Each structure stands twice: as structure tokens, then as C-alpha cells.
Student: 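Mind looking over this structure? Questions follow.
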Number of protein chains: 2
Amino acid sequence: MRDPETTLRQHDLPVTAQRVAVLRAVSRHPHATADELAEGVRGELGTISRQSVYNVLNVLTDKGIIRRIQPADSAALYEDRIGDNHHHLVCRSCGRTEDVCCAVGEAPCLKAHSHHGFKIDEAEVIYWGTCPACQKKR
Amino acid sequence: MRDPETTLRQHDLPVTAQRVAVLRAVSRHPHATADELAEGVRGELGTISRQSVYNVLNVLTDKGIIRRIQPADSAALYEDRIGDNHHHLVCRSCGRTEDVCCAVGEAPCLKAHSHHGFKIDEAEVIYWGTCPACQKKR
DNA sequence: GCAAGTTTTTGACAAAGTCCAAAAGTCCGT
DNA sequence: ACGGACTTTTGGACTTTGTCAAAAACTTGC
């Protein structure tokens, strides 16, 4: 992703310190929650309100600049990488999240076209399992 | 699904009025939230506490009697159909949820074996789109 | 029936987000 | 630069979804 300010201008968004800092935080910490990102931003800006973090994340998500994923039993996570159709692998016991390239050929999962008259725009895949560290623990 | 009492006994669960009623409610209303199910149960039993609904749903989910799905921006939904590897289609604007049989051949999506050392036990697929009713509205 | 062990209930609590109105900032034309 | 119009940010209250804990009420097996 190019630098935050340019990205914001390309999407007709006024450039504010908060938005720049949130974008950088998302870049630095992929798969972070809103609260974790808020912490990251505070390290850079000093302070930011919880509401602003949500505002910014919502705007950026709406514009397609970042992507929100919401695994079960966890707060929403945000990430930088967009448009490359990758999926996620989540550990059931610790919540650790990893990226996974689409497993078979090119996006076979998207083929459920027009079922029930729905217009489908995305297929989201989440693989559930146990990460190496948690396998050892038991 | 066979009758609720038999199902409970098969899993060594004491048969209580609440459990039977919740099971029936899940059967009657696939893809309902905990609150909607509570309403359904009240129509049958008169009253049930919110906590009991959660207790029962958790026990049933743990035993694999029902399945919980948790689409983004929605409370958890519960359903009867288990073990047939079907997925879900969710309307972004109204939240309507439909079942979808696995789109291509037999569960191609499950093939992301052992990525990152994870032991994968389930691949969950959610198709996002717009349902027919919401397409008309705009 | 009775004892032993589970469930259910009630009420308080926690996490993640949203709503609202006031204060502060950004951008654009001059 | 500067001012005004418009957008963001803030802070606080509120909502939703769900969990925790202790007491009261059930189920079950003998």
C-alpha cells in the first residue's frame, strides 16, 4: 500500500492526523482489533478517542481501502491486503489468525452464482483449526 | 431430526422442558438468533429466562446437536441441519440467510490442509450478496 | 420417594459498537 | 494567508449480545 496521505486523497477523504495514523497502524499490525489499533495509534499520536477509531475504520472499510473480517467469538479484525482474494485461518483456542491463499486454483468458492436470486459479491472463507502452539499445550 | 426427547437422551442430557422447547424452536425457525428462539419458546412454554436459552444453545452446540453460525454484523444464528457440509448465503442489507449446498463438487474448500502448521477441522464459507427483495428496493 | 447432581432462574456484569451534540479541524476560493 | 462552509473528532450515554455466580428448582437412578 502506498503512503497513507496519497491513499486518502485518492478516495476524496480529507487528510487528518487520525486517519493517517490509523492507516499506518493497520499496516503495521495486520489482523488487529479496533482496540489494538487504538493502542497503536496512541503510540504515534498521543491520544485518539475510541469513537474516532471506529469512525475511521468504518470510512476506510466503506471505501474499500481496508478490509474488515469478523470471525466468530472475536472482535472485528482489520487488514491492509485487499483485492487478492485471500482467506483466513483462525485458531479455535487462541484466536490467532493467518492469511491463506485461496486453496484450489482460482477462487472456486465464488461459483455459487445467483442462488436463490441473490446477487453474490463475495465469498468469505474461514478455516477453523488449532494452531501449532495450542496443539502442544494439550 | 428425530424427536427432541430421544435426541437429548442419546447424548446423555437430562430432558427438561426448556431443552425440548428450544430444540423444537430451532427446528421450526432455522437461522434464528437466540432472542428470536427465546420468543418462540415463550409461545410454547410461557416463559424461559434469557440465560437458559443461552445455556441450552451452548450445550446443544457443544454436543454437536445443533450448529451455530456467526455472520458478521449479526448475532449468532442456530440451525438444525448438521453434518451435511452446507454453507450460507447472507444478504448484506437485510441479513436474510439461506442455505447453500457446497457449490463445486465435494467440499473443495476443505483442501487447505495443514497450512502454517494448523490442524484444520472445518472450513466455513459465507457468500455475501443482496437478496431479491433488497435488489428491488434500490 | 429420596438423595445427589444438574438445570434454571435472577440479577449483575463485560465487551464491542453506535448515537448524539458540541468542539475542532480541513479544504477551497479569494 | 484568511475566512467560511463543511467534515471530523470528541466524550458520554446507551444498546446489544453474551457471560458469571449463587440460590432455588428440577431430573434421574436407586
Side-chain angles (χ1 to χ4, degrees), chain A residues 4-25 31-42 44-63 65-66 68-78 95 97, chain B residues 4-26 31-42 44-63 65-66 68-78 93 95 97:
Chain A
E5 310 202 4
T6 310
T7 306
L8 290 169
R9 290 217 178 77
Q10 284 176 341
H11 291 267
D12 289 319
L13 289 173
V15 175
T16 67
Q18 290 83 349
R19 298 222 250 238
V20 172
V22 168
L23 260 177
R24 271 208 275 266
H31 309 141
T33 63
D35 272 356
E36 287 159 1
L37 293 170
E39 271 318 298
V41 170
R42 292 203 182 96
E44 195 175 323
L45 284 189
T47 73
I48 190 172
S49 68
R50 201 165 51 110
Q51 183 61 56
S52 293
V53 176
Y54 282 110
N55 282 350
V56 173
L57 290 172
N58 285 338
V59 172
L60 297 180
T61 303
D62 287 351
K63 292 277 184 178
I65 300 172
I66 61 176
R68 170 169 27 217
I69 55 181
Q70 291 179 254
D73 299 317
S74 154
L77 310 179
Y78 295 87
T97 303
Chain B
E5 310 202 3
T6 309
T7 305
L8 290 170
R9 290 214 180 79
Q10 283 176 342
H11 291 268
D12 290 318
L13 289 173
V15 176
T16 67
Q18 290 83 349
R19 298 222 250 238
V20 172
V22 169
L23 260 178
R24 270 208 275 266
V26 172
H31 310 140
T33 64
D35 272 356
E36 287 159 1
L37 292 170
E39 272 316 300
V41 170
R42 295 209 178 90
E44 194 175 323
L45 285 188
T47 72
I48 190 173
S49 68
R50 203 166 53 109
Q51 183 63 56
S52 293
V53 176
Y54 282 109
N55 282 350
V56 173
L57 290 173
N58 285 338
V59 172
L60 298 179
T61 304
D62 286 351
K63 293 278 183 180
I65 300 173
I66 59 176
R68 170 169 30 217
I69 54 181
Q70 292 180 253
D73 298 318
S74 154
L77 309 179
Y78 295 86
S93 77
T97 302

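The basis for the numbers below is simple: all heavy atoms, side chains too, and nothing from hydrogens, waters or symmetry mates. Chain A is the first sequence line, chain B the second, and so forth, proteins listed ahead of strands; every chain is numbered from 1. Every value quoted in this text rests on a predicted model; they were computed, and no experiment measured them.
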Student: Are any of Asn58(B)'s side-chain N or O atoms less than 4.0 Å away from OP1 or OP2 of dT19(D)?
Tutor: yes

Student: On DNA chain D, nearest-nucleotide positions of Gln51(B) versus Gln51(A): which is more 5'?
Tutor: Gln51(A)

Student: Starting at OH of Tyr54(B) and ending at C1' of dT9(C), how long is that distance when rounded to a whole Å?
Tutor: 16 Å

Student: To the nearest 0.5 angstrom, please state how far the CD1 atom of Ile66(B) sits from the OH atom of Tyr78(B).
Tutor: 6.5 Å

Student: Please give, in whole Å, the distance from dG25(C) P to Asn55(A) CG?
Tutor: 16 Å

Student: If you measure from CG on Asp73(A) to CD on Gln70(B), what distance do you get to the nearest 0.5 Å?
Tutor: 5.0 Å

Student: Check this one for me: any side-chain N or O of Ser52(A) less than 4.0 Å away from OP1 or OP2 of dT9(D)?
Tutor: no

Student: Between dG17(C) atom P and Leu57(A) atom CG, what is the distance in whole Å?
Tutor: 9 Å

Student: Looking only at side-chain atoms of Ser49(B), point me to the closest of dT10(D), dT8(D), dT8(C).
Tutor: dT8(C)

Student: How close or far is atom P of dT8(D) from atom CG of Asp12(A), stated in whole angstroms?
Tutor: 11 Å

Student: Nearest-nucleotide wise, let me know which of Thr16(B) and Gln70(B) is further upstream toward the 5' end of DNA chain D.
Tutor: Gln70(B)

Student: State which of dT9(C), dG18(D), dT10(D) makes the closest approach to the side chain of Gln18(B).
Tutor: dT9(C)

Student: Which pair of heavy atoms, one from His11(A) and one from Lys63(A), lies closest together, and at what distance?
Tutor: O-NZ, 3.4 Å

Student: Give the rounded distance in Å between these two atoms: CG of Asp35(A) and P of dG17(C).
Tutor: 8 Å

Student: Tell me what Val59(A) touches on the nucleic acid: a base, only sugar-phosphate, or nothing, going by heavy atoms under 4.0 Å.
Tutor: nothing

Student: Please report the interatomic distance CZ(Arg42(B)) to CG(Leu37(B)), rounded to the nearest 0.5 Å.
Tutor: 11.0 Å

Student: dT9(D) C1' sits how many Å from Leu13(A) CG, rounded?
Tutor: 15 Å

Student: Which heavy-atom pair separates Arg68(B) from Ala76(B) by the least distance, and what is that distance?
Tutor: CD-CB, 3.7 Å

Student: Report which part of the nucleic acid Val15(B) touches: base, sugar-phosphate, or nothing (heavy-atom distance under 4.0 Å, all strands).
Tutor: sugar-phosphate

Student: Report the distance from atom CD of Glu39(B) to atom P of dT16(D), rounded to the nearest whole Å.
Tutor: 14 Å

Student: Can you tell me whether the side chain of Arg50(A) and the base of dG11(D) have a donor-acceptor pair closer than 3.5 Å?
Tutor: no

Student: Which is more 5' along DNA chain C, the nucleotide nearest Arg19(B) or the one nearest Asp73(B)? Just name the residue.
Tutor: Arg19(B)

Student: Distance check needed: dG17(C) P versus Glu36(A) CD, whole Å only.
Tutor: 11 Å

